[in-house]
Amino acid sequence: MLVNFFYTLKRAEIPVSIKEYLVLLEALKAHLAFADMDDFYHLARTCLVKDEANFDKFDRVFGAYFKQLESLEDVLNALIPEEWLRSEFMKQLSDEEKAKIKSLGGLEELLDAFKERLAEQEKRHQGGSKWIGTGGTSPFGHSGYHPEGIRVGGESRNKSAAKVWEKRQFKDLDDSAQLGTRNIKVALRKLRQFARTGAAEELDLDHTISATAKNAGMLDLKLVPERHNAVKVLLMLDVGGSMDPYIQVCEDLFAACRSEFKHLEHFYFHNFVYESLWRNNLRRQSERTSLYDIIHTYGRDYKVIFVGDASMSPYEISSSYGSVEHMNPEPGHAWMQRLTAHFDKVAWLNPVPEEHWGYTHSIGLTQQLIDHKMYPMSLAGLSDVIKALAK
Amino acid sequence: MSFTGTDNYVATKDLQMAVNAAVTLQRPLLIKGEPGTGKTLLAEEVASALGMPLMQWHVKSTTKAQQGLYEYDAVSRLRDSQLGNDKVHDVGNYIKKGKLWQAFDADERVVLLIDEIDKADIEFPNDLLVELDKMEFHVYETGERVQAKHRPVVIITSNNEKELPDAFLRRCFFHYINFPDKTTMKAIVGVHYPDISQALVAEAMQMFFDVRDIPGLKKKPSTSELIDWLKLLMADEIPEDLLANRDQTKAIPPLYGALLKNEQDVQLLERLAFMSRREQR
């Protein structure tokens with residue numbers, strides 16, 4: 001029973017397990033949902049999907065499956081994200097057409113108008129064929145952007161007629177590309193260093209026994225502070241310009257670090273470190289912190305993690321007055337050397353894929369400055385960074 | 001016995017299904033959603049609707065899973081041994097029951113709320129896997145095995161500050177409280193303020209959803225904030241027409257403090273209002 005449905009979900013990369021499937025069957029046996037499609041939809045979702053990010057995928061698979069589109073190909077077609085279709089659509093356009101779209105108020109509006117017209121057309125022609133592929137044409141076929149491609153979900157139809165799963169109200173929450181922060185946090189855990197600091201709350205049994213014995217049997221309690229994570233991290237983030245494509249992954253990393261380390265300080269820089277950095281990106285001009293102050297404030301036991309693509313003109317590292325932003329009397333590499341001389345552990349996370357590093361001269365220069373402790377920004381790279389920092 | 005919402009709580013159909021599934025199959029229900037959409041309130045309402053007592057376990061960053069089971073007070077036992085107190089011979093006297101134990105031990109079925117599970121350490125949910133699955137645990141000090149007399153209805157809330165491990169998720173039913181649409185919202189307001197004038201509700205709601213639609217707000221106002229705001233509006237007896245022709249007279253909604261909790265958001269709203277006024281000129 002429902003075995004095919006289960007495997008269809010699995011193929012659509014929704015993380016479902018046998019246990020959850022059995023729970024669903026148990027719930028059906030308990031008559032929680034009986035002969036009612038909406039009830040079954042709610043029940044199946046609460047049993048099988050454990051993350052709102054997967055709700056949209058589930059809605060699509062549910063719709064597709066119960067429209068008897070069982071073959072893998074059709075389901076995969078139904079799973080093509082809307083953005084993809086849109087970019088495919090954009091590719092088909094000539095430059096003047098693009099300009100025309102702009103004058104009409106942007107692609108969004110055009111698509112909306114387009115959808116409305118499509119809905120009318122659908123009513124006149126025939127009822128069904130809501131899903132990609134049912135018409136027998138793939139959205140990537142000869143016509144490029146197939147009009148039915150965008151119709152996944154049937155938004156423009158009369159609202160009351162649309163089934164719950166066809167509303168696809170969780171579309172915004174789909175995050176298939178995103179690396180979950182839990183993975184990052186679990187990786188960061190390895191960097192924990194436990195130390196006993198703070199108020200003494202825990203009973204130290206060994207010490208109590210020996211103190212009591214020395215005290216001729218009179219009880220002498222000894223308490224120790226609880227163990228806390230005492231690792232100190234200084235996070236340096238590159239912002240602006242070439243880092244824009246990596247904002248999301250940097251935010252994830254930052255969010256994970258923030259909740260994982262009690263002693264976390266962060267500073268921003270642009271392309272490379274010079275005589276001053278800033279903490280608040282909105283006030284980067286008015287509130288800057290001198291690099292000397294950073295070196296003098298934070299002890300050498302702070303672990304420094306740079307996050308940046310290290311992709312710039314080599315002069316920005318090697319020459320005085322080479323910075324793109326301001327006049328820097330001393331070259332960037334001098335400041336980097338001061339940092340590495342003070343802090344014991346310095347590592348660099350680079351969101352650029354490792355295989356491309358060889359093509360950018362400035363990445364090589366940076367590598368030399370930080371003793372080749374540069375790692376790609378992936379989970380594997382993150383564990384390497386932690387290994388390097390924990391040594 | 002099924003849950004369909006209460007006099008003070010509007011439950012959508014999918015939420016009812018999730019609660020009923022969790023109650024019938026005796027498995028924990030994990031509730032996520034924007035802050036202020038009534039996650040914690042749900043447990044209270046489920047308890048009152050099903051006529052069960054409610055036990056609440058509020059999780060903090062320092063909370064350990066063990067504290068939910070029991071705590072062994074070694075210090076007072078040592079002290080009692082020094083004083084020659086007879087209590088000392090039974091280790092059971094020094095074991096303090098946690099919320100989970102109390103819920104397992106209760107004579108009737110209870111609703112157990114584990115609130116804000118994401119606030120605790122990242123390992124916290126993993127430490128409760130067996131306890132929540134089998135509803136039993138072992139007391140190391142006494143060698144006792146505690147088993148639930150009646151499997152409690154466990155409701156767990158999370159604000160998504162930390163992601164929960166897969167193994168934990170597998171054992172729960174899951175529901176995401178979606179932000180209510182306008183009809184549901186009207187029902188919610190009706191439940192809280194039955195005698196509020198219809199015109200005020202309509203105007204306030206329009207404004208509320210307008211504010212929510214502003215792109216770039218740090219913290220969007222949620223249901224509980226709307227309720228608070230309406231309370232303020234009523235207490236202040238703001239004339240209804242003030243809300244209606246706000247664009248000309250006022251820059252931002254009256255008593256906005258209830259809706260917006262962030263000074264950057266207030267500034268953003270003021271800027272937008274300023275820009276729209278300039279355009280009108």
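Predicted model only: the values in this text are computed from it and were never measured. A note on names: the letters A, B, ... follow the listed sequences, proteins ahead of strands, and every chain is numbered from 1.
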How about [atom1] on [X], more than 12 heavy atoms from neighbouring residues, nucleotides or ligands closer than 6.0 Å, or not?
X         : atom1 : answer
Lys186(B) : NZ    : no
Asn215(A) : CG    : yes
Lys134(B) : NZ    : no
Leu83(B)  : CG    : yes

Just how far is it from atom [atom1] of [X] to atom [atom2] of [Y], taken to the nearest 0.5 Å?
X         : Y         : atom1 : atom2 : answer
Leu15(B)  : Thr46(A)  : CG    : OG1   : 9.0 Å
Asn178(B) : Phe55(A)  : CG    : CZ    : 8.5 Å
Glu20(A)  : Arg171(B) : CD    : CZ    : 10.5 Å
Thr12(B)  : His42(A)  : OG1   : NE2   : 7.5 Å
Asn20(B)  : Leu32(A)  : CG    : CG    : 7.0 Å
Asp51(A)  : Phe174(B) : CG    : CZ    : 6.0 Å

Please tell me if the side chains of [X] and [Y] come closer than 4.5 Å, counting only heavy atoms from C-beta onward.
X        : Y         : answer
Pro15(A) : Arg170(B) : yes
Gln16(B) : Asp39(A)  : no
Arg45(A) : His175(B) : yes

Pair Lys50(A) + Asp166(B), salt bridge at N-O below 4.0 Å: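 The answer is no: the pair does not qualify as a salt bridge.
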Which atoms of Lys32(B) are under 4.5 Å from chain A, going by heavy atoms: the side chain, the backbone, both sets, or neither?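 Side chain only.
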Between Leu30(B) and chain A, which part of the residue has a heavy atom less than 4.5 Å away: side chain, backbone, both or neither?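 No part of Leu30(B) comes within 4.5 Å of chain A.
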Measure distances from Val23(A) to the heavy atoms of chain B and classify the residue's part below 4.5 Å as side chain, backbone, both or neither.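 For Val23(A), heavy atoms of backbone and side chain both lie under 4.5 Å from chain B.
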All ring pair (Phe, Tyr, Trp, His ring centres under 6.0 Å) counterparts of Phe6(A), not counting sequence neighbours: Tyr21(A)
Applying side-chain contact (heavy atoms from CB on, under 4.5 Å), can you list everything that pairs with Glu141(B), at least two apart in sequence or on another chain?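 In terms of side-chain contact (heavy atoms from CB on, under 4.5 Å), with neighbours along the sequence ignored, Glu141(B) is linked to Tyr70(B), Tyr72(B), Val91(B), Ile95(B), Val139(B).
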